[in-house]
Amino acid sequence: MTEAAWALVPASVAFSGLVASNIAHSRGIPHYVSRKLAHLVAGIAIFLFPVLFSSPLWPLVLTGAFTLLLAGTHPW
């Protein structure tokens with residue numbers, strides 16, 4: 001598999017963390033606690049970077065895209 005295809009693995013892990021955090025919050029867990037779940041899963045996704053990628057290109061693309069995604073969902 002190419003590195004572009006491997007980029008789907010940490011992206012999927014990070015996205016599943018966001019989904020799990022939203023589900024936890026909707027079931028009554030306080031926001032500050034459910035956010036920690038998203039942070040934990042994002043950390044796991046980041047630990048995959050040196051295993052999956054030989055260059056820093058895809059980690060930079062993924063973190064940049066995730067930053068833009070989050071910036072677009074938060075008011076300024």
Side-chain angles (χ1 to χ4, degrees):
M1 273 172 66
T2 66
E3 286 193 344
W6 282 114
L8 294 174
V9 175
S12 299
V13 171
F15 184 71
S16 68
L18 288 175
V19 170
S21 174
N22 286 335
I23 290 171
H25 182 64
S26 69
R27 292 193 177 176
I29 294 177
H31 181 67
Y32 66 92
V33 176
S34 65
R35 265 185 50 200
K36 298 303 177 194
L37 178 62
H39 291 146
L40 173 71
V41 177
I44 292 168
I46 290 171
F47 277 123
L48 292 173
F49 285 171
V51 175
L52 297 176
F53 306 113
S54 60
S55 73
L57 175 66
W58 283 107
L60 285 172
V61 168
L62 289 170
T63 54
F66 191 70
T67 300
L68 291 174
L69 174 76
L70 287 179
T73 62
H74 290 74
W76 291 87

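Below, all heavy atoms of this structure are taken into account, side chains as well, without hydrogens, waters or symmetry copies.
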Which atom pair, heavy atoms only, marks the closest approach of [X] to [Y]?
| X | Y | answer |
| --- | --- | --- |
| E3 | S55 | OE1-OG, 3.7 Å |
| P59 | F49 | CB-CD1, 3.6 Å |
| S34 | S21 | O-OG, 2.8 Å |
| S16 | V41 | OG-CG1, 4.2 Å |
| L52 | P10 | CD1-CD, 3.6 Å |
| A45 | A14 | CB-N, 4.2 Å |

Give a yes or no on whether [X] and [Y] share a hydrophobic cluster (residues Ile, Leu, Val, Met, Phe, Trp, Tyr; joining criterion: side-chain heavy atoms under 4.5 Å apart).
| X | Y | answer |
| --- | --- | --- |
| L18 | V9 | no |
| W6 | I44 | yes |
| L62 | F66 | no |
| L8 | L57 | no |

In Å, rounded to the nearest 0.5 Å, how long is the span from NE2 of H31 to CG of N22?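 Atom-to-atom, H31:NE2 and N22:CG are 9.0 Å apart.
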
Trace of the side chain to side chain contact (heavy atoms under 4.5 Å, CB included) decision for F53 with L60:
CA-CA 11 Å; F53 306 113; L60 285 172; over 6 Å; no

| query | Does atom CZ of F15 have more than 12 heavy-atom neighbours from other groups under 6.0 Å away? | reply | no

